[in-house]
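Contents: one structure, followed by commentary.
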Amino acid sequence: MQATRVPVCTLGLFNAKQDIWMDSLENLLQKYPVLAAPHTPAFYLILCIDKGEGALVVDQDRIRFRSGQVLIIKPNCINTITLEEGSTGTVIGFTTDFFSLRYNTNVLHQFSYFNEGNQTAFYVPQEAVKGMQFLLWQMLEEFRMQKKATQKVLRSYLNILLIELDRIHVPQHTIKIHNALHEKIQKYQMLIEQHFKTHKMPSEYADMLHISTNYLNKICRTILGQTSGNLIKQHIILEAKRLLSYTTHSISEIANELGFEHASYFVTIFKKATNQTPEQYRKSQWIA
């Protein structure tokens, strides 16, 4: 019962208007004290520590991090962050949708540090520090300036950063039972990507996976904190955002491409999910 009272934090915590947020690490917990108390993030959080130290507690697991380390926290885990006063560095928060708008949804699972439980900490080799700091500086400047197409630029920078971190990271032993569930979820997400235009019910995917609909829903809630049906809806909206951002197709053409019989129904579904009409979203991508 206690877990239901733990606040779920979105990027709105940082007054972020988009699906990515960045800041310097200085005074992080003073500005956002909720991070120092048990909370559940609905986004990925990356702490790049230049100087200082701190700790992260997830359930009964405690991990220390120090100068020269990178700490990665995945969504949907209850955690508490402590950070030494005077610590410096960079912090980045981003949602799955932000990254997947341009890159394949399952690409995030290919980064080794996203497959090691709910948190990972590792050192950046001395020879890679300057390059990493320069990349983070470029990202932070782009985020603060908010020029034309900033979101597209930041998405590319983020992809480069994740690849660089993957080159540095040395995978540790992972729990096989969790890997089995994660593999099932990844297979489900891959099937959604392949069939979402014609298959929009969880039961259809459960049949493909040779499991019951109830079990599919259970593992989605356990691993991702979401229903199996919500994953389908999210992917449809993600594909809509991709088409709106990277094509000149009309709204009717996009609705048809996504398997909607009526464009008006597509517009209703999209606005309900994003609080914007498709046209408003398309325009915002070149303003932000």
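When reading the values below, keep in mind they use all heavy atoms of this one structure, side chains included, and skip hydrogens, waters and symmetry mates.
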Is there a side-chain contact between Phe266 and Asn256, using heavy atoms and a 4.5 Å cut-off?
no
Would a 4.5 Å heavy-atom cut-off, applied to side chains only, mark Thr40 and Cys9 as touching?
no
Could you list the donor-acceptor pairs under 3.5 angstrom formed between side-chain atoms of residues 64-71 and any protein atom two or more places apart in sequence or on another chain?
residue: Arg64; atom: NH2; partner: Glu53; partner atom: OE2; Å: 2.7
residue: Ser67; atom: OG; partner: Gly52; partner atom: N; Å: 2.9
residue: Ser67; atom: OG; partner: Gly52; partner atom: O; Å: 3.2
residue: Gln69; atom: OE1; partner: Arg66; partner atom: N; Å: 2.6

Does any non-hydrogen side-chain atom of Met132 lie less than 4.5 Å from one of Leu165?
yes
Check which hydrophobic residues are tied to Met201 through side-chain heavy-atom contacts below 4.5 Å, counting indirect links as well, and list them.
none
Check Pro202 against Leu216 and note the closest heavy-atom contact, atom names and distance.
O-CD2, 3.7 Å
Just checking Gln30: does its CD atom have more than 12 heavy atoms from other residues, nucleotides or ligands closer to it than 6.0 angstrom?
yes
Please name the pair of heavy atoms, one in Ala255 and one in Ala263, separated by the smallest distance, quoted to 0.1 Å.
CB-CA, 3.7 Å
Report the distance from atom NZ of Lys184 to atom OH of Tyr215, rounding to the nearest 0.5 Å.
7.0 Å
Does a sphere of radius 6.0 Å around NZ in Lys200 hold more than 12 heavy atoms from other residues, nucleotides or ligands, not counting ones at 6.0 Å or beyond?
yes
Please report the shortest heavy-atom distance between Val8 and Ala42, naming the atom on each side.
CG1-CB, 4.4 Å
State the CG-OG1 distance between Leu244 and Thr277, to the nearest 0.5 angstrom.
9.0 Å
Assess the residue pair Phe14 and Tyr32 against the criterion (ring pair (Phe, Tyr, Trp, His ring centres under 6.0 Å)); give the C-alpha distance rounded to whole Å, side-chain angles, the decisive distance to 0.1 Å, and a yes or no.
CA-CA 8 Å; Phe14 310 110; Tyr32 309 105; 4.8 Å; yes
Is the shortest heavy-atom distance from the side chain of Leu28 to the side chain of Leu47 under 4.5 Å?
yes
Cation over ring, Arg155 on Phe99, under 6.0 Å and within 45°?
no
So, using salt bridge (Lys or Arg N to Asp or Glu O under 4.0 Å) as the criterion, who are the partners of Asp23 when residues are at least two apart?
Lys31, Arg144
Side chains of His195 and Met208: does their closest heavy-atom pair fall under 4.5 Å?
yes
With side chains defined as the heavy atoms from C-beta onward, is the minimum distance between Ile185 and Cys220 less than 4.5 Å?
yes
If you apply the rule side-chain contact (heavy atoms from CB on, under 4.5 Å), what do you find for Leu258 with Phe196, and how did you get there?
CA-CA 8 Å; Leu258 297 175; Phe196 73 94; 3.7 Å; yes
Stepwise, does the side-chain contact (heavy atoms from CB on, under 4.5 Å) test hold for Leu231 with Thr227?
CA-CA 7 Å; Leu231 289 182; Thr227 66; over 6 Å; no
Checking side-chain contact (heavy atoms from CB on, under 4.5 Å) for the pair Ile254/Arg282: CA distance, chi angles, key distance, verdict?
CA-CA 12 Å; Ile254 290 174; Arg282 173 173 270 168; 3.7 Å; yes
CZ-NZ distance between Phe134 and Lys130, expressed to the nearest 0.5 angstrom:
13.0 Å
Nearest heavy-atom approach of Ile237 to Thr274 is CG2-CG2, 3.9 Å
Would you call Lys197-Glu239 a salt bridge at under 4.0 Å N-O?
no
Donor-acceptor under 3.5 Å (His39 side chain, Asn79 main chain)
yes
In sequence, state the C-alpha distance, the side-chain angles, and the governing distance for Glu142 and Thr150, and then conclude on side-chain hydrogen bond (donor to acceptor under 3.5 Å, both in side chains).
CA-CA 7 Å; Glu142 183 68 35; Thr150 281; 3.0 Å; yes
Determine whether a donor-acceptor pair (N or O, by modelled atom type, separation under 3.5 Å) exists between the side chain of Ser100 and the backbone of Thr96.
yes
Are Ile163 and Ile92 joined in one hydrophobic group, where the rule is that I, L, V, M, F, W and Y side chains link up if heavy atoms are under 4.5 Å apart?
yes
Judged by atom type as modelled, is there a donor-acceptor pair below 3.5 Å linking the side chain of Tyr205 to the main-chain atoms of His199?
yes
In terms of the angle between their ring planes, are Phe111 and Phe114 parallel, tilted or perpendicular, with boundaries placed at 30° and 60°?
perpendicular
Measuring from atom CD of Gln234 to atom NZ of Lys241, what distance do you get when rounded to the nearest 0.5 angstrom?
9.0 Å
Say whether Ile49 and Tyr123 are linked into one hydrophobic cluster, either directly or through other cluster members, by side-chain heavy-atom distances under 4.5 angstrom.
no
Any chain of hydrophobic side-chain contacts (each under 4.5 Å) joining Leu135 to Trp137?
no
Show, in sequence, the C-alpha distance, side-chain angles and deciding distance for Ile63 and Val57, and conclude whether the side-chain contact (heavy atoms from CB on, under 4.5 Å) test is met.
CA-CA 6 Å; Ile63 184 169; Val57 178; over 6 Å; no
Would you kindly confirm whether Tyr281 and Leu243 end up in one hydrophobic cluster when ILVMFWY residues are joined by side chain heavy atoms under 4.5 Å apart?
yes
Grab the two heavy atoms, one from Ala16 and one from Trp21, that are nearest each other, plus how far apart they are.
CB-CB, 4.0 Å
For a 4.5 angstrom cut-off between non-hydrogen side-chain atoms, does Leu56 reach Thr80?
no
Are Phe270 and Ile251 close enough that some pair of their side-chain heavy atoms sits under 4.5 Å apart?
no
Here the gap from Asp19 atom CG to Asp97 atom CG, rounded to the nearest 0.5 Å, amounts to 6.0 Å
Could you measure the distance from the OG1 atom of Thr82 to the CZ atom of Arg62? Nearest 0.5 Å is fine.
5.5 Å
Does the side chain of Ser228 pick up a donor-acceptor pair with the side chain of Asn217 at under 3.5 Å?
yes
When you measure from the side chain of Glu164 to the backbone of Leu161, do you find a donor-acceptor pair of N or O atoms at a distance under 3.5 Å?
no
Can you confirm whether or not the ring centre of Phe94 sits under 6.0 Å from the ring centre of Phe43?
no
Shared hydrophobic cluster for Ile269 and Ile236 (ILVMFWY, side-chain gaps under 4.5 Å):
yes
